[in-house]
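Each ligand, and each atom within it, is numbered from 1 in the order the structure gives. Bear in mind that the values here come from a model prediction, so they are computed numbers and not experimental data.
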Amino acid sequence: MSIQYLGQQVDANTEFETVIGLEVHVQLATESKIFSQARSRQESVSEEAVNKNTTPVCTGHPGSLPSLNKKAVEYAVMVGLATNCKINQKSVFSRKHYFYPDSPKGYQISQLELPLNEHGYLDIEYGEQGEHSKRIGITRIHMEEDAGKTVHFPGYSLVNLNRAGTPLVEVVSEPEMRSSAEAGAYLRKLYAIVTYLQVCDGNLQEGNFRCDANVSIRPKGSTQLGTRTEIKNVNSFRFVEKAIEYEAERQRQVILSGDRVIQETRLYDSQKNQTFSMRSKEEAEDYRYFPDPDLPPFELKDAYIAKLRDGLPELPDAKRDRFIEHFGLSKYDAGLITSSKILANFYEEAATDKGDARVIANLLTGEASRLLNDAGQEITESKFTPKQFKDLGRAVNDKTISITAAKQVVGILFNDGGDVDTVIEKAGLKQVSDTSALEPIIDQIIAANPNQVAEFRAGKDKLIGFFVGQAMKATGGKANPSLLQEMVIKKLKG
Ligand code: ADP
Ligand code: MG
């Protein structure tokens with residue numbers, strides 16, 4: 001059987017590439033909702049009594065009038081500026097009509113033509129050591145209101161409108177990502193930006209930052225786009241990556257079996273690691289968009305945009321580059337540390353200069369991150385303090401302890417907290433840098449291994465590792481390794 005796809009003959013040996021475009025909904029952390037006075041922050045939306053955080057605007061009562069929240073516009077412009085968008089000075093809200101119980105007006109106020117921000121981009125880095133980089137286009141970023149929540153019970157469902165009218169920006173990318181790794185890097189970078197800007201609380205569990213992934217495949221080298229499916233509302237970066245991988249492989253099998261991919265919305269089940277069909281989306285949905293007559297087009301003055309541009313904080317890429325320059329970090333370490341504002345601030349408090357900065361970066365991105373990840377903790381929720389890492393950096397730098405011992409100290413601090421010098425003292429981790437203490441140990445090892453000594457002297461330089469290793473063992477790992485090596489060489493050659 002010969003199978004045609006996108007005008008090409010394909011079979012099991014065809015190399016396919018994945019094409020991904022992401023739509024990310026970012027909840028803006030304004031105090032009140034986008035078109036009403038009702039409170040909007042997380043606790044008012046999820047923890048307060050059901051349907052309490054509402055006004056007649058949120059519940060869609062006839063005659064109620066929306067009025068635009070200035071702060072929401074400000075935050076949305078900041079997101080546009082930080083993602084290199086063109087800010088449209090004139091912007092229009094439209095009604096997007098559809099029926100769903102958690103949207104009582106029968107339409108969602110969104111933007112279609114003249115969205116607030118257009119034609120931006122993000123630079124991403126990915127790969128084992130962050131060795132790949134790529135620029136991903138952002139088509140548009142528009143403002144819209146969130147819907148309420150339908151809560152399902154056995155036999156019936158109830159609607160909670162506390163979230164209805166929460167301000168969102170939807171960030172729509174170009175279909176320019178080619179792997180789950182690129183998609184993951186894009187999401188992490190966008191997440192870093194909106195949390196650096198402090199326009200989003202960034203709570204993934206609460207759905208503050210949710211992603212729809214559009215996925216299609218095509219034979220590598222093809223310039224046409226295949227039929228896409230859209231995977232809805234995955235709220236963990238890792239799960240988005242897995243869902244994309246699963247979906248690309250599913251589509252490959254559909255095509256190779258002679259079927260066609262159906263344009264549809266799919267859901268991802270993280271337990272089964274599968275996507276399954278939710279609803280077909282073959283025809284473009286007819287939302288009967290039209291400009292909302294209750295909300296006149298709004299115009300932003302140059303001076304207003306310029307002021308917001310000047311007020312932007314240092315963003316992740318700039319901070320990363322500064323850390324590379326100022327602290328001498330590798331691009332990879334600097335990228336890891338600046339991927340989280342919390343971690344970056346912590347690091348900056350701990351590191352002083354190029355002397356200790358790399359050791360501290362190493363401990364933070366290695367041992368400390370591993371412990372924090374396992375415990376599901378942010379560094380600010382842990383027992384770690386910047387001063388501890390400053391002290392550790394100094395202790396490694398002046399050779400009081402080895403880097404291996406420093407990792408041990410990090411483990412102890414994670415569990416018990418405390419002062420670095422006391423921990424080093426108590427755990428007996430001080431390096432022996434005292435030549436008079438090391439000398440007899442080395443002498444003893446040389447005396448006990450005459451064969452190795454002869455081989456070394458005959459030119460087998462590699463054996464230096466053996467002697468240093470033996471001596472290190474004899475000191476319980478506490479000898480200063482460079483000093484030890486220096487002394488062993490001197491003894492053997494001398
Ligand atoms: P809709 O609003 O119906 O989802 P859009 O045209 O706004 O449709 O596209 C949404 C997203 O889908 C964008 O991020 C875009 O890059 C992506 N996309 C469009 N076509 C494809 C395709 N063939 N494969 C993968 N992604 C696509
Ligand atoms: Mg979509």
Between the side chains of [Y] and [X], is the shortest nitrogen-to-carboxylate-oxygen separation below 4.0 Å, so that they form an ion pair?
{"X": "Lys189", "Y": "Glu125", "answer": "yes"}
{"X": "Glu325", "Y": "Arg322", "answer": "no"}
{"X": "Asp317", "Y": "Lys319", "answer": "no"}

Exercise for the section: Could you pull out, from Arg228, Glu23, Glu176, the option with a heavy atom nearest to atom 8 (O) of ligand 1? Expected result: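 Among Arg228, Glu23, Glu176, the closest heavy atom to atom 8 (O) of ligand 1 belongs to Arg228.
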
Practice task
Ignoring angles and geometry beyond distance, decide whether Ser216 reaches within less than 3.5 Å of ligand 1 through its nitrogen or oxygen atoms.
Solution key: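 Right, the criterion is met.
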
Proximal ligand 1 atoms for [X], defined as those under 4.0 Å from one of its heavy atoms:
{"X": "Pro175", "value": "16 (O), 26 (N), 27 (C)"}
{"X": "Glu174", "value": "16 (O)"}
{"X": "Gly226", "value": "23 (N)"}
{"X": "Val172", "value": "13 (C), 14 (O)"}

Handout entry: Ring-face cation contact, Tyr107 with Lys96, 6.0 Å cut, 45° max
Key =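 Cation-pi check for Lys96 and Tyr107: fails.
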
Exercise for the section: Not counting sequence neighbours, which residues clear side chain to side chain contact (heavy atoms under 4.5 Å, CB included) with Ser157? List them please. Expected result: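 With neighbours one apart ignored, the set is Thr150, His152.
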
Exercise for the section: Between Thr139 and ligand 1, find which residue part has any heavy-atom pair under 4.0 Å and reply side chain, backbone, both or neither. Expected result: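 Neither part.
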
Practice task
Provide the full list of salt bridge (charged side-chain N to carboxylate O under 4.0 Å, His left out) pairs with a residue in residues 330-342, sequence neighbours left out, each pair given once.
Solution key: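 For residues 330-342, and leaving out neighbouring residues, there are no salt bridge (charged side-chain N to carboxylate O under 4.0 Å, His left out) pairs at all.
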
